[in-house]
Amino acid sequence: MSEILLNVDDLSIVYKTSAGEVRAVNNVSFAIEKGKTLGLVGETGAGKTTTALGILRLLPVRTAEYRSGTIEFEGQNLLALSDKEMYGIRGRKISMVFQDPMTALNPIMTVNDQIAEAIRFHSDGTLKREEVDKRVNDILELVGIPASRKKEYPHQFSGGMKQRIVIAIALVCEPALLIADEPTSALDVTMQAQVLAMIMELKKKINTSMLMISHDLGVIARTCDDVAVMYAGEIIEMAPTDMIFTGNRHHPYTVGLMNSLPGVSGNAKRLRPIEGMMPDPTDLPAGCKFAPRCPFCEERCKTELPPCTEQNGHLVRCHRFA
Amino acid sequence: MIRFIGKRLLLSIPVLLGVVFIVFAIMSLTPADPGSLILGIRATPEAVAKLNHELGFDKPFFERFFLYIKDIVLHFDFGVSYMNRKPCLQEALSYFPVTLQIAALSMFFSTVIGVSLGVFAAVKQYSLFDTFFSVMAMLFAAIPGFWVGMMLILIFSLTLGLLPPSGVASWDCYILPTATLVFGSSAELFRLTRAQMLEEIRQDYTRTALAKGAPNRVMIWRHALKNALLPVITSIGNSFGGLLGGAIIVETIFGMPGIGTYMLKHILAKDVPVVMTCTLILAAMFYFIILLVDIAYALIDPRIRAQYARKRGV
């Protein structure tokens, strides 16, 4: 067992809205080991991004509230740090790549300035201009953008290149943890593969750990060591990647996810989507959150929260395996 | 960029010609001729007709317009006032500094006050600070300037005796007129800045900035504000036009010898050459300010700069 870099324990986050309290993340626990990649899968609204932003403490201050839990990073609880201490963590220790590269960059700042800014925030002001320049050039080269274009503005780059720039910003300080929030879902398919391969290569090069958020099981299968499946703000299954994709001991939701994937080989079959919708996060079911859509739903599923059971590092939150 | 500025300066010629034409046409429609205006009601019709002929007023409209433009272009001659027979341009320009000072001072202060309070209100949305200034801004945007002016005189001059109610004798004469204009226009700028900032703060790139490790204030002042400023700058430019116009009211209330009072006096006397000259000066000023706004736009936003560059040679 190698060293644990990030340990999220019992994290709950709610949004206070006029329609009531939105329970976006509910008692989520997971850990990421040094150098490893954890995948966070789930459909839109499952709480993946809230979890990610919650780790960086970038949630809207006025509406979001941490209800419970700790986020331990390199031995210190991020939730206990001051704002100023958080500035030193963000971008330096933990970076984030956002979903939509079209809007993630400041439209009126040159690419060079946006990357250099990230370097300067984390140097004590003694860094020489030439050094900053050199680091900007180096990281641009690493993400495959000619350094000669660094004086250009975001609108002069294509979507794929913008995402490369966003990745350059995230990695320029060589963070210990990279949070990639659907880094490829806004790109077209050919770009997706390229950008993904690049992220994985850079991750290896600077030996960073990663939290990969995606709704795309293909992306997850290719990149992650472990996978956590999220549903309605809860982690309902977590296991090493190969165990998620094989075996029979699965949460019905995970099975549903797999069934709604089109297969490459074999006969073309109709996809089997999961019937129904995710529950309203302002009014979650008392028992298992998936119960209303579950084909194996029993009486106790509707009233009792199923426990998490483990078998060889494979966690499932379902009454069937309890 | 230089080509763009040059092009815009050239374009000012037809714009100003248009302004001159419209004002000239309106003034020609008024039932008054310079002869009877200058000589008064007791003059004989013969004398009036003679003077009108000398002044060229009996010529057809388009000929008069053409001659007027010719005098301006060839001799930079804007004609003489019907009222006191002095050259219009020199006289108008002698009144201009007062107006310009009031307008510039109030533009400066309303920008500083409106923009900074707008940023703070947006950052602290829903706070007491935000609510208080939003209500105040709504109030001051709605209150007419002349009422504010009179109230300020009532309070600070007549009751408290702190500031002079009229004149331009010393620098403190400018405080109340400037304040009168600042109330209205800073309220406008406050509302716009606040709305723009609220929008920009919610943009994704501000989150990227924070994720890089930017302190909140850097995110707000370096990233969000610069993006929010574009429409604000337009509004500042427009409000300068408003301030020049508003100066007429303010100068009248505070008895200041600016272009506003000067123009008003000559409008009432149907002194066409003076009105024409003043209008032309104000229009040229306004055009120049708008040009500055466009240049500022290009300096701030590279996308607009790129547009100007693409239109090269057009």
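All chains are named by letter (A, B, ...) in the order of the sequence lines, taking the proteins before the strands, and each is independently numbered beginning at 1. Values in this document were obtained by computation on a predicted structure and should not be read as measured data. All heavy atoms count here, side chains included; hydrogens, waters and symmetry mates do not.
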Mark yes when over 12 heavy atoms from residues, nucleotides or ligands other than A/Y66 sit less than 6.0 Å from its OH; otherwise mark no. yes

Rounded to the nearest 0.5 Å, what's the gap from OG1 on B/T208 to CD1 on A/I165? Could you check? 12.0 Å

Looking only at heavy atoms, what is the nearest atom pair of A/P107 and B/Y205, with distance? CD-CD2, 3.9 Å

Contacting region of B/E200 [heavy-atom separation from chain A under 4.5 Å]: neither

For B/F109, look at atom CZ and say whether over 12 heavy atoms of other residues, nucleotides or ligands are found less than 6.0 Å away. no

Using a cut-off of under 4.5 Å on heavy-atom pairs, state which of A/A118, A/A104, A/C173, A/A170 scores highest against chain B. A/A104

Take A/I108 and B/R303, measure what side chain to side chain contact (heavy atoms under 4.5 Å, CB included) needs, and give me the verdict at the end. CA-CA 8 Å; A/I108 60 174; B/R303 288 164 296 186; 4.0 Å; yes

What part of A/E152 gets closer than 4.5 Å to chain B, counting heavy atoms only: side chain, backbone, both or neither? neither

Output the option from A/Q114, A/M102, A/Q99, A/R62 having the highest count of non-hydrogen pairs under 4.5 Å with chain B. A/R62

For B/A306 and A/H155, the nearest pair of non-hydrogen atoms, with its separation, is CB-NE2, 4.2 Å

CD1 (A/I119) and NZ (B/K212) are apart, to the nearest 0.5 Å, by 10.0 Å

Which of the residues B/A211, B/A224, B/A209 is involved in the greatest number of heavy-atom pairs with chain A at under 4.5 angstrom? B/A211

Please say whether more than 12 non-hydrogen atoms of neighbouring residues, nucleotides or ligands are located less than 6.0 Å from NZ in B/K124. no

Please check if the number of heavy atoms outside B/F288 that lie under 6.0 Å from its CZ is greater than 12. no

Check whether any side-chain heavy atom of A/M109 sits under 4.5 Å from a side-chain heavy atom of B/K226, and report yes or no. no

Whether over 12 other heavy atoms sit under 6.0 Å from B/F129 CZ: yes

May I ask you to list the residues in residues 81-93 of chain A that approach chain B closer than 4.5 angstrom, counting heavy atoms only, ordered by number? A/Y87, A/R90, A/G91

Pairwise ring-ring contact (aromatic ring centres under 6.0 Å, His included) hits with a residue in residues 210-229 of chain B, at least two apart: B/F120-B/W221

Which atoms of A/I169 approach chain B - backbone, side chain, both or neither, heavy atom under 4.5 Å: side chain

Point-to-point distance, once rounded to the nearest 0.5 Å, from CZ of B/R207 to OG1 of A/T103: 8.0 Å

Exercise: identify the closest heavy-atom pair between A/F121 and B/P215: CE2-CD, 3.9 Å

Taking CD in A/E141 as the centre, count heavy atoms belonging to other residues, nucleotides or ligands within less than 6.0 Å. Is the count above 12? no

